[in-house]
Amino acid sequence: MSAVEERPSNCQYCGYDCAVIATVEDGRVTGLRPDPARYPYGSQVMAACRRWPMNVAALDAPDRVNWPLRRVGERGSGKWERVSWEVALDDIAERLAALAAESGPETLASAIGGPHASFWPLHRFMNLFGSPNNMGIGQICWNPRVWMDMATFGWSVEADIVPGLTECLVLWGTNPAQSDNSAFWQHIRAYAAGGGALVVVDPRRTEAAAIADVWLPVRPGTDAVLALGLLNVIIREELYDASFVDAWCSGFDELARAVAPLAPEAVAVTCGVSADDIRRAARLFSGGRASALVSGRGIDQIGAAVAPTHRALCCLRAITGNVDKPGACVLAEAPDFVSELAMEMSDAMPASCRAAALSSYRTPLQSYAGYDALRALTERLGRTPPMRYLTSAHPDLVLRAMEEGRPYPIRALVVQATNPLLTYGDTARVQRALAALDLLVVLEYRLTPTAQLADYVLPIAGALERPVLQVHGGIANAAYGGPAAVAPYYERRCDYDVFRELGRRLGQAEFWPEETLEDAFASQLLPAGLSWEEFCIEGTYWPRPAYAKHEALGADGRPVGFATTTGRIELASEFLPFHGGSRLPEPVLGGPKAPRRSLTLITGARRQPYNASMYFENSRFRDGAAAPEATVSPACAEALGLREGDAVEVVTDAGVARFVLAVAAMRDDVVSVDYGWWHPEWGADERLGGMDESNANHLTRCEVGEPMIGSWSYNAIPCDLRLSEEPLSWVSKNDCVSKKG
Ligand SMILES: Nc1nc2c(c(=O)[nH]1)N[C@H]1C(S)=C(S)[C@@H](COP(=O)(O)OP(=O)(O)OC[C@H]3O[C@@H](n4cnc5c(=O)[nH]c(N)nc54)[C@H](O)[C@@H]3O)O[C@H]1N2
Ligand SMILES: Nc1nc2c(c(=O)[nH]1)N[C@H]1C(S)=C(S)[C@@H](COP(=O)(O)OP(=O)(O)OC[C@H]3O[C@@H](n4cnc5c(=O)[nH]c(N)nc54)[C@H](O)[C@@H]3O)O[C@H]1N2
Ligand code: SF4
Ligand SMILES: [Mo]
């Protein structure tokens, strides 16, 4: 009889990494259940989650990649041969070395996506290889907030929503009801049910907007103006916290002068919201003992307006005294474990690598110079930012180097945990650029549209097959995760193993001392005084941060303040003017440079149960949410003569994509389209998994938009909407992998 064991591990279908217990027989997982005893989020989260049961079947799913595949025949033709890891790694390493010898190491780029995996092994590999060209989605997710928080407060701040203590919560361009797998959304609902005021800024009447005290249905991309309008009210009506401003902020008078012209009536016209609601929101936020604010990708993805919006939101928190205080927000603490910078080994990067950076002039803040200057400030109070995320190269510049060889040719790309053909801006351009590469290596679970273009697809171990340690870029003293339940099935390996093996073949052996990912995690945790085994008992290391850290006394007997140039919260920035920015947040309008059209497009509003381009293979999910939707208000549909269920076409300057029309409460001048949709059940021969039909990123571009960081626009895009002549495949051909399998 075979031994049956119960082994702890983690679901990895979203960033929660919930704890599970796997039943293991002969090295195979035969059952799975939640483990409420271990962190992170307890039984109610998993009870509400539909994804985690997928983990067992995913291990053996018919569409998983199980061994290294090498392309035979045309790129994208779907013809592969199975090769051994030795053959694949030797050949990739050899070709990378040859390309570097011809064109310099910067000829290799890498691509990453959302926080699905530990990315430091890739970043370490790239640093030691000598290329600065890691591209990702940072400029439109995470980085803008982190950059502006750090520039203003000297470090990143997190909302600290405490029912009974927090009296006003603002959700700005975020919809946790769909984007968060429930714990945070449940927390917000409990907060609101307990009488806490809720303000929601969103063009759509989201679940959160529906329970809000004030819903500000902002015209997409006008958020900076709206935020400055709130500041205008708070300053004019003297609702700010004068003693906090006096003691801890710098540049208040300048800020007051700058927002003086932005009275609610004027702002209401620009933003398409009511002046009275602007006043109500401003009074609610400044009125309570503590107010919190959470922002999301709604304002990370509006091009030029991204940085001014974030800065204005920093100023809102600051002048109302809602900084590092219970119920308001809290500055994260430096991690006790090894920093992301050290894990990346970014300080080992050769000078030639920095010199080859594409972004230095185009995005002067998101650059090595910007990073070094920021780090010099934050390290005064002992906090080191991660380097590779904050210096990642702009996709526009990397794609140009691939397409045109300017300013030098990029000829090879390694893709880890991302599906750029669906998630990067301007799909047609991404496809052209990838198709022209000498070498494309994709580390994946399945043959995504991007993987179908590869020279090599390397089979990656996923949840239950690999340990996980989630540290969110190491900007807080928080880590959670746990062990693998089983060894990887078939010939899959961890991403870490791939980069270590490539590194060893390319002269990096001494920099990869830990043989396994688990050993590397153990080394990472060591300074926190925990062995990997000790950590895995609870699966979390999360000491509560202290409040009012700026008041702590330094060695000189004076309060340490904030890690900025002035030691204060910089309403007027001393730092940003050196890196392409202005002293004050300005009323910049967002969106791409494109001619006006009849409507405004927003893309990618999150919708359960999917996640970006993932989980469309799940037939039960598809039975419930069968088609990508374009959503408009009832009045908008009527004006266009369209009905719910119609096949429609959305047209922008960049291209066309087709959707099924849905109708919901939202602004009358906005269209909201889903993103990420493709047919995992189709092959490469069927137009790369049908990724062309309903691809929101055929409607977008990835041009440098915001002048310091380069954020581009996935929202606030001029568009038209019309009936589609062709029927949609979603309606006619809906046979998912798991049904076939
Ligand atoms: N189900 C699911 N969950 C996910 C993901 C997923 O793909 N699917 N992705 C994960 C990732 S990568 C991220 S970054 C997070 C994002 O998490 P959130 O930031 O919460 O993302 P959304 O739920 O799309 O909410 C963004 C909101 O911004 C609004 N919006 C659009 N344009 C504008 C604008 O110009 N101004 C304002 N104020 N609002 C605007 C949209 O209507 C939408 O309601 O979600 C994560 N969770
Ligand atoms: N139009 C539009 N575009 C957007 C957005 C939008 O709102 N609108 N949102 C943007 C945002 S915020 C984000 S974060 C991105 C998300 O963009 P991506 O991260 O590119 O999107 P995913 O579909 O989640 O792709 C993840 C891929 O990695 C694979 N994968 C998952 N985990 C691992 C792993 O551990 N290792 C490896 N090797 N592979 C793994 C999955 O199989 C999947 O194919 O999309 C961005 N693009
Ligand atoms: S998908 Fe996310 S919330 Fe659901 S069980 Fe997995 S990690 Fe937890
Ligand atoms: Mo994201």
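Atoms within each ligand, like the ligands themselves, are counted from 1 in listed order.
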Check for me whether [X] has a heavy atom closer than 4.0 Å to any atom of ligand 1.
X: Ser672; value: no
X: Gly173; value: yes
X: Ala716; value: no
X: Arg51; value: yes

Nitrogen or oxygen atoms of [X] and ligand 1 under 3.5 Å apart:
X: Gln178; value: yes
X: Ala605; value: no
X: Gly221; value: yes
X: Arg219; value: no

With backbone taken as N, CA, C and O and side chain as the heavy atoms from C-beta onward, which portion of [X] lies under 4.0 Å from ligand 2: side chain, backbone, both, or neither?
X: Thr423; result: both
X: Leu443; result: both
X: Arg64; result: neither
X: Arg606; result: side chain
X: Thr448; result: side chain
X: Met614; result: both

Nearest to [atom], what protein heavy atom do you find, and at what distance?
atom: atom 33 (C) of ligand 2; value: Tyr445 OH, 3.2 Å
atom: atom 16 (C) of ligand 2; value: Tyr675 OH, 3.7 Å
atom: atom 14 (S) of ligand 2; value: Ile137 CD1, 3.6 Å
atom: atom 8 (N) of ligand 2; value: Thr603 OG1, 3.0 Å
atom: atom 1 (N) of ligand 2; value: Asn697 OD1, 2.8 Å
atom: atom 35 (O) of ligand 2; value: Arg466 NH1, 2.6 Å

Is [X] touching ligand 1 with its side chain, its backbone, both, or neither, if touching means heavy atoms under 4.0 Å apart?
X: Asn611; result: both
X: Arg607; result: backbone
X: Thr174; result: both
X: Asn175; result: both

Under 4.0 Å from any heavy atom of [X], which atoms of ligand 2 are there?
X: Asp495; answer: 34 (C), 35 (O), 36 (N), 37 (C), 38 (N)
X: Arg297; answer: 7 (O)
X: Ser613; answer: 22 (P), 23 (O), 25 (O)
X: Cys141; answer: 12 (S), 14 (S)
X: Gly113; answer: 19 (O)
X: Ala612; answer: 21 (O), 22 (P), 23 (O), 24 (O)
X: Gly604; answer: 7 (O), 8 (N)

Worksheet item: Which residue, Phe616, Tyr13, Tyr615, Tyr675, forms the ring-ring contact (aromatic ring centres under 6.0 Å, His included) with Tyr610?
Response: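 The option that passes is Phe616.
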
> How about Phe659 and Leu721: do any of their side-chain heavy atoms sit closer than 4.5 Å?
Replying inline: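 A side-chain contact is absent here, since even the closest heavy-atom pair is not under 4.5 Å.
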
**Asked** Has ligand 2 got any nitrogen or oxygen that is less than 3.5 angstrom from a nitrogen or oxygen of Gln416?
**Response**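 So ligand 2 has no N or O lying under 3.5 Å from an N or O of Gln416.
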
Before giving the answer on side-chain contact (heavy atoms from CB on, under 4.5 Å), spell out for Leu313 and Arg145 the whole-Å C-alpha distance, their side-chain angles and the decisive distance to 0.1 Å.
CA-CA 10 Å; Leu313 298 185; Arg145 182 184 67 76; over 6 Å; no

Candidates His116, Gln12, Arg446, Glu444; heavy atom nearest atom 27 (C) of ligand 2 found on Glu444

So the salt bridge (charged side-chain N to carboxylate O under 4.0 Å, His left out) pairs with at least one residue in residues 442-457 (sequence neighbours excluded) are Asp63-Arg446, Arg71-Asp455, Arg75-Asp455, Arg446-Glu617

Mind checking whether Tyr714 and Trp712 have parallel, tilted or perpendicular rings, split at 30° and 60°? perpendicular

By side-chain hydrogen bond (donor to acceptor under 3.5 Å, both in side chains), Arg429 pairs with (sequence neighbours left out) Asp396, Glu403

